Undergrad: 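Got a structure for you, written out below as C-alpha cells; questions coming shortly.
Residue numbering restarts at 1 for every chain, and letters A, B, ... go by the order of the sequence lines. Since the model is a prediction, treat every value here as computed from it, not as a measurement.
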Amino acid sequence: MESRYDPTASESRWQEAWEAEGHYAAGAGARRDDTYVICVPPPNVTGDLHMGHALNGSIQDVLVRWHRMRGFDTLWQPGYDHAGIATQNVVEKELAKEGRTRQDIGREAFVDLTWEWLEKTGRTIMGQFRRLGCSLDYSRERFTMDDDYVRAVVTFFVRLWDRGWIYRANRIVNWCPFHQTAISDLEVVHEEMDDTLYTIRYPFADGDGRDGVSVATVRPATILADVGVAVHPDDPRYREAIGREVVVPYTEQRVPVVADERIDREFGTGALKVTPGHDPLDFDIGRDHGLPEPVVIGPDGCMSEQAADLAGLTQEEAGARVIGWAEERGLVEKREPYRHSVGTCERCHSRIEPLISLQWWCARTEPARPAIAALQERRVRYHPESQHRFAIASLEEAPDWCISRQLWWGHQLPIWTCPDGHLTVTVDEPSACAECGVTPLERESDVLDTWFSSALWPYATLGWPEETPELARYYPGDVNSTAREIIRLWVNRMIWTGLEVLGDVPFTDSIIHSTVLALDGRRMSKSLGTGIDPMEPIDEYGADATRYGLLKISSTQDVRFSYGAIEEGRKLAIKLWNVARLILQNAEDVTPAREPRDLEEQWILARIDAARADVEDSWARFDFAESTATLYHLTFDDFCDWYAEAIKPRLYDRDPAAVATALAALERLLALLHPVMPHVTEEIWSHLPARGSRLIVAPWPDPDDRFAADAAALERVQEAAQIFRRSGVQVELGSEDERRIFAAVVRPERVQGDGNRDAEVERLRKEVARAEGMLANERFVANAPDAVVAAEREKLERYRRELAALDG
RNA sequence: GGGCGAGUAGCUCAAUCUGGAUAGAGCGCUUGUCUUACAAACAAGAGACUGCUGGUUCGAAUCCAGCCUUGCCCACCA
C-alpha cells in the first residue's frame with residue numbers, strides 16, 4: 001500500500017471496475033429474491049450536475065449500496081428528461097446567435113437540430129454521477145423521448161382521454177411571449193419589479209363626467225379590454241355605483257359596475273377594472289358575471305388587431321397613449337411608483353402575459369382521489385412528516401392541469417382532426433377519422449407539458465405499456481428522493497398516475513432532501529453567482545469526501561454548503577487508509593489463529609456491532625447526517641485511538657491472534673463505511689488477504705453479539721488514562737487486561753502527565769459536591785426515573801473513587 | 001398574505017420529537033509530543049446567560065405563550 005492515499009486515481013479506477021464487472025447492473029450479486037428499486041429523478045438532458053443532484057445522488061447511492069450488500073436485487077434506474085421548454089430555450093438561444101429563429105428553419109428542421117445539439121452537448125450528468133461513485137445501472141439509461149417512452153406517453157394520454165379526463169377549453173393561462181406558449185402556474189416564478197401604479201377615474205355614463213369610479217392599474221394598456229368595474233358588495237363608498245355604468249377611457253365603452261366579494265377593499269381605491277382577457281382574477285369575475293372576454297394582446301406580447309388603432313404597439317407604447325388620452329381629459333388622478341411581484345417565465349424570465357387561449361386540460365379532482373387515499377393511509381410516506389402533510393394538501397387543492405404547450409420539442413398530442421372537425425385520439429396514427437371516415441387528418445400541433453411524461457417515469461422506464469418481465473419484477477419500487485420544489489410537479493403525479501395505470505403506488509417512501517444553500521445562506525443560483533459546482537470539491541477532496549460532507553450537513557430543511565464537512569470526510573478516508581496500513585503491514589505471512597478473546601478485541605467487535613445497529617436505524621429513518629457522525633467516531637475514537645493503539649505492541653510482534661481479530665474488525669468497519677465512502681473502502685478491501693470478491697457485493701455485516709464485552713472495564717481504562725494525562729497520577733486498575741491496555745495506549749513510561757494534580761482534585765471535588773447535592777434532593781430522588789438516579793449514584797461513587805486515588 | 005424551517009462555542013453543526021447525567025463534535029485557537037499507520041497525527045486545554053421575555057416542573061436548549069431576527073417554498077392584491 002502506498003503511504004499516501006490518492007483519491008483521484010483510486011476513485012476513477014474503482015468506478016470503471018465496478019461498472020465493467022457488472023456490479024451496477026440490476027440484480028448484480030443478489031442473494032435473495034426481494035427487490036429494491038429507486039428511480040433517479042431524470043435530470044434535464046441539457047443540464048449539468050448541481051449541488052442538489054450531488055446530495056441526492058449521495059443519498060440514493062447509500063441506500064442502493066446498502067441494499068445491494070444486504071443481498072437485494074437492486075435496480076437504480078438512470079435517465080434523462082427531454083425538458084421541453086428548457087431544451088427548446090437552449091437551442092433557440094443557439095439559433096439566435098446566428099441571427100435565426102425557429103420559425104426561420106421550420107418545425108422539422110428545428111427538432112432535428114435539437115437532437116443534433118443533444119448529441120453534441122447533452123447527457124453529461126450521468127458521467128458526473130459516475131464520478132461521484134453513484135452505482136446506477138447505466139446500461140439501462142432511458143430518455144423521455146426514446147421511441148418506446150413516447151409510446152408510453154401517448155398510450156397514457158389516450159387512457160386519460162378514454163376516461164374523459166382530458167378536455168379542451170378556452171381559459172386564461174400564463175403566456176410566455178418569448179417562447180409563445182402557455183406554461184403552468186408552477187413554471188412561473190415571481191420577481192419583484194418596479195412599476196407605476198395609475199389611479200384613473202372611469203366616469204359614470206349617465207353623469208356629468210366629474211363623478212365616477214376610480215380604479216388602480218399598473219397595466220394601462222389592458223384598459224382596452226376592460227369590460228366592467230368591480231367593487232365589494234359591502235363597500236359603502238360604492239353602494240350607489242353598483243348597477244350603474246361607467247365609461248372606459250380611450251375605448252369610451254359603457255361597462256357595468258358589478259359587485260364581487262373577491263375584491264379587496266383595502267387595496268388602491270377598492271375598485272377593480274375587470275379585464276377577463278388578461279388577468280386571472282378578472283377572468284373568474286368576468287365569467288361569474290357573464291361579461292365578454294376581449295383579448296387585445298397577441299402571442300408576442302404586443303397589442304393585437306383587436307386593439308384597433310393601437311394594434312402592433314408594445315404594451316408600454318399603448319399604455320402611454322391610453323394614459324395620455326386620459327390625462328387630457330383629467331381622468332388620471334394619481335401616479336405613484338409601485339414595487340410588486342410579477343410573474344415571469346422560469347426559463348427566460350420574460351414577463352408573463354395572462355391571456356385567454358384555447359388549451360388542453362387534464363382534470364385533477366377525480367384522478368387525485370386514489371392518491372390522496374394512499375397518502376392518508378400511508379401507503380406512501382413523505383419524509384420528513386411536514387412534507388407529507390404538504391403533499392396531501394397539494395393534491396386536494398390541485399386545479400386542473402394545462403397540459404398543452406405551443407412548443408416544438410416534446411411529445412406531440414395524439415389528437416387528429418378531420419375536415420369536419422371530429423377528433424380522433426389513438427396511440428397509432430389513424431388512417432381516417434374515427435367518426436366519419438373522412439381524410440385527410442391533421443395532427444394537433446401542440447406538445448405535452450414535460451411533466452406529463454415525467455409522471456410515468458417509474459413504469460415507462462420498465463417497458464410499460466408492454467407487460468415486460470422487468471415491469472413485473474421491479475414495479476412497484478421502494479424509494480423516491482428529490483427536491484422540495486417538485487413535489488407537486490413530479491412526485492404527486494407519479495403517485496396518481498401509478499395508481500391509475502398499475503393500481504399500485506410507485507414507491508413507499510418519498511424523501512424530500514435538504515436544499516443546499518450557498519456559503520452565505522442564500523440560494524445557490526447561477527444568476528446570483530452563488531453556485532458551487534460539485535465537481536470542484538470532488539476533484540479537490542475526492543468523491544468519498546464530498547459524499548460524506550454532503551450527507552453530514554443534510555439534516556435540516558435548508559443547509560449551508562460547507563467545505564469543513566467535506567474536509568472531515570477527507571480526514572476520515574485518510575484515517576482509514578492509515579489504520580489499514582498499520583494492520584496490513586504487520587499481517588503478512590501471519591496465519592490467523594483463534595477467536596477474539598481479550599478485552600479490547602471483544603470490546604471493538606461489540607462497538608462495531610453497536611455502530612452497525614445505529615447506522616441501520618439511521619438509514620431506515622433516512623437520517624444520513626446521524627450515520628456520518630456514528631461512523632466518524634467509530635473510526636477515529638474507538639477503532640484508531642483505542643483499539644489500534646491497544647493492540648499495537650502485539651501487532652508489532654505479529655501475534656497471529658491479534659492480527660486475526662484486527663483483520664476481522666477492519667473488514668466489518670470497511671463494510672459499514674462502504675455505502676457512504678465506497679472508493680476508499682473498496683481500495684483497502686482489495687489489499688486484504690484472501691479477498692476474491694469486491695466489497696461492493698460483499699455481505700452487509702450480520703448482527704454479532706457473540707462477544708459481550710465488558711464495556712465498563714474499558715471505560716475504567718479510559719478514565720484512568722484521562723486522569724493520568726491530566727494529573728500524572730496512575731489510578732489502580734483491577735484486571736490484567738485493563739493494565740495491559742492502559743500501558744499500551746497511554747505508555748506512562750514515555751509520557752509524563754501534566755502533573756496538575758491540584759486542578760484535577762478541585763474539579764473532582766466540585767463534581768462530588770454537585771452529585772451529592774442532587775441526591776440529597778428528595779424530590780429529585782422521588783420523581784426522576786430510576787435510571788437517572790442510579791446513574792447519578794454511580795457517578796458519585798466514581799468521582800469519590802478517583803478523588804481517593806488522587807488524594808492518596 | 002399562506003406554509004415549512006432555522007437561531008446553541010469565533011465558524012459550521014449535534015442534542016429538542018420522548019424534559020434528567022459535566023450541552024457534544026469538526027474547523028479555528030492555546031500548550032505539549034516527529035511515538036516503527038497517520039504532523040493530513042496524537043494528547044491536554046481555553047472557549048456557550050442554548051435569540052429575548054414570561055410560564056409549567058424537583059429539574060427546561062428540550063414543553064407552553066408571546067416577541068425579535070433570518071432562510072426556503074407557495075400565492076391572482078389590481
Undergrad: Y652(A) has an atom OH; how far is it from atom P of U36(B), in whole Å?
TA: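 Computing the Y652(A):OH to U36(B):P distance gives 7 Å.
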Undergrad: Just how far is it from atom CG of L197(A) to atom CZ of F267(A), taken to the nearest 0.5 Å?
TA: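 One finds 5.5 Å between CG of L197(A) and CZ of F267(A).
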Undergrad: State, without any angle test, whether E568(A) and Y548(A) hold a side-chain donor-acceptor pair at a distance under 3.5 Å.
TA: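 Per modelled atom types, E568(A) and Y548(A) side chains form a pair under 3.5 Å.
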Undergrad: What are the two closest non-hydrogen atoms of G277(A) and V295(A), and how far apart are they?
TA: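 Distance-wise, the nearest heavy atoms are CA-CG2, 4.3 Å.
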Undergrad: If you measure only the distance, is there a donor-acceptor pair under 3.5 Å linking the side chains of Y202(A) and D226(A)?
TA: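 Note: Y202(A) and D226(A) side chains meet the donor-acceptor criterion.
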Undergrad: May I ask you to establish whether R493(A) and W401(A) are in a cation-pi arrangement, using a distance under 6.0 Å from NZ or CZ to the six-membered ring centre and at most 45° from the ring axis?
TA: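 The answer is yes; both the distance and angle limits are met.
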Undergrad: Taking N and O atoms by type only, does the side chain of E266(A) place a donor or acceptor under 3.5 Å from a partner on the base of A78(B)?
TA: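 When only heavy-atom distances are counted, E266(A) does not reach the base of A78(B) through any donor-acceptor pair under 3.5 Å.
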Undergrad: Within the pair Y338(A) and C77(B), is there a side-chain N or O less than 4.0 Å away from OP1 or OP2?
TA: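 No, Y338(A) has no side-chain N/O under 4.0 Å of OP1/OP2 on C77(B).
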Undergrad: Please determine, for the side chain of F267(A), which listed nucleotide (U36(B), A78(B), G26(B)) has the closest atom?
TA: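 Taking heavy atoms from C-beta onward, the closest nucleotide is A78(B).
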Undergrad: Name the orientation class of the two ring planes belonging to H687(A) and W577(A) (parallel below 30°, tilted from 30 to 60°, perpendicular beyond 60°).
TA: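 It falls in the perpendicular class, over 60°.
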Undergrad: If I take atom CD1 in residue I183(A) and atom P in nucleotide C76(B), what distance separates them, rounded to the nearest angstrom?
TA: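 Result: 12 Å.
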Undergrad: Tell me: NE2 of H513(A) to P of C73(B), nearest whole Å?
TA: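 The answer, rounded to whole Å, is 12 Å.
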Undergrad: Using atom CZ of F636(A) as one end and atom P of A43(B) as the other, report the distance to the nearest whole Å.
TA: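 Roughly 10 Å, once rounded to whole Å.
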Undergrad: Taking only the P atom of each, what is the distance from A78(B) to U16(B) in whole angstrom?
TA: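 Comparing P positions in A78(B) and U16(B) gives a spacing of 44 Å.
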Undergrad: When we call it a touch if two heavy atoms are under 4.0 Å apart, what does R488(A) touch: a base, just sugar-phosphate, or nothing?
TA: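 Here R488(A) touches the backbone only, sparing every base.
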Undergrad: Looking only at the side chain of A784(A) (C-beta and beyond, no hydrogens), which of the listed nucleotides G20(B), G26(B), A78(B) gets closest?
TA: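 So the side chain of A784(A) is nearest to G20(B).
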Undergrad: Using the C1' atom as the point on both nucleotides, what is the distance between C72(B) and A60(B), in whole Å?
TA: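 Between the two C1' atoms, the distance is 29 Å.
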Undergrad: Report which part of the nucleic acid S555(A) touches: base, sugar-phosphate, or nothing (heavy-atom distance under 4.0 Å, all strands).
TA: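 Since only primed, P, OP1 and OP2 atoms lie under 4.0 Å of S555(A), the category is sugar-phosphate.
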Undergrad: Under 4.0 Å, counting only non-hydrogen atoms across every strand here, what does I263(A) touch: a base, just sugar-phosphate, or nothing?
TA: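 Result for I263(A) = base.
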Undergrad: Less than 4.0 angstrom between a side-chain N/O of R726(A) and OP1 or OP2 of G45(B), yes or no?
TA: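 Yes, such a contact exists.
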Undergrad: Using a cut-off of 4.0 Å on non-hydrogen atoms, how would the nucleic acid contact of A629(A) be classed: base, sugar-phosphate, or nothing?
TA: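 Answer is nothing: A629(A) stays at 4.0 Å or more from every strand.
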Undergrad: Once you round to the nearest 0.5 Å, how far does CD1 of I574(A) lie from CD of E567(A)?
TA: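 Those atoms lie 10.0 Å apart.
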Undergrad: Extract from the structure each pairing of a protein N or O with an N or O of nucleotides 62-64 of chain B at less than 3.5 Å, listing the distance.
TA:
none

Undergrad: With a non-hydrogen cut-off below 4.0 angstrom, is K273(A) in contact with a base, only sugar-phosphate, or nothing?
TA: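 Nothing, no nucleic acid heavy atom in range.
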Undergrad: Select base, sugar-phosphate, or nothing to describe what D641(A) touches, counting heavy atoms under 4.0 Å on all strands.
TA: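 Touches sugar-phosphate only.
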Undergrad: Which nucleotide wins on minimum distance to the side chain of Q722(A), given the candidates G20(B), A37(B), A44(B)?
TA: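 The closest nucleotide is A44(B).
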Undergrad: For H340(A) and D195(A), test the side chains for any donor-to-acceptor distance below 3.5 angstrom and give the result as yes or no.
TA: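 Their side chains do contain a donor-acceptor pair, which is all the 3.5 Å distance test asks for.
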Undergrad: What stems involve RNA chain B, if each pair must be Watson-Crick or G-U and both of its distances must be under 3.5 Å, with 3 or more such pairs in a row?
TA: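 Paired runs of 3+ in RNA chain B: B:1-7 with B:68-74, B:10-13 with B:24-27, B:29-33 with B:41-45, B:51-55 with B:63-67.
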Undergrad: Which nucleotide in the list C72(B), A37(B), G26(B) gets nearest to the side chain of K575(A)?
TA: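 Of all the options, the side chain of K575(A) is nearest to A37(B).
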Undergrad: So that I can tick it off, tell me whether E772(A) and R800(A) are bridged by a salt bridge, with the cut-off set at under 4.0 angstrom between side-chain N and carboxylate O.
TA: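 Salt bridge present between R800(A) and E772(A).
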Undergrad: Between C77(B) atom P and D279(A) atom CG, what is the distance in whole Å?
TA: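 To the nearest whole Å, that distance equals 9 Å.
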Undergrad: Nearest 0.5 angstrom please: R488(A) CZ to D185(A) CG, how far?
TA: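 Separation between the atoms: 8.0 Å.
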Undergrad: With rounding to the closest Å, how many angstrom separate the P atoms on A39(B) and G45(B)?
TA: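 These two P atoms come out 24 Å apart once rounded.
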Undergrad: Contact class for Y632(A) vs. all strands (heavy atom < 4.0 Å): base, sugar-phosphate, or nothing?
TA: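 It contacts sugar-phosphate atoms only.
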Undergrad: Would you give the length of the straight line joining atom NE2 of H289(A) to atom CG of D284(A), rounded to the nearest 0.5 angstrom?
TA: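 Interatomic distance, H289(A) NE2 to D284(A) CG, rounded to 0.5 Å: 10.5 Å.
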Undergrad: Which part of the nucleic acid, if any, lies within reach of Y799(A) when heavy atoms closer than 4.0 Å are counted: base, sugar-phosphate only, or nothing?
TA: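 Base, at least one base heavy atom under 4.0 Å.
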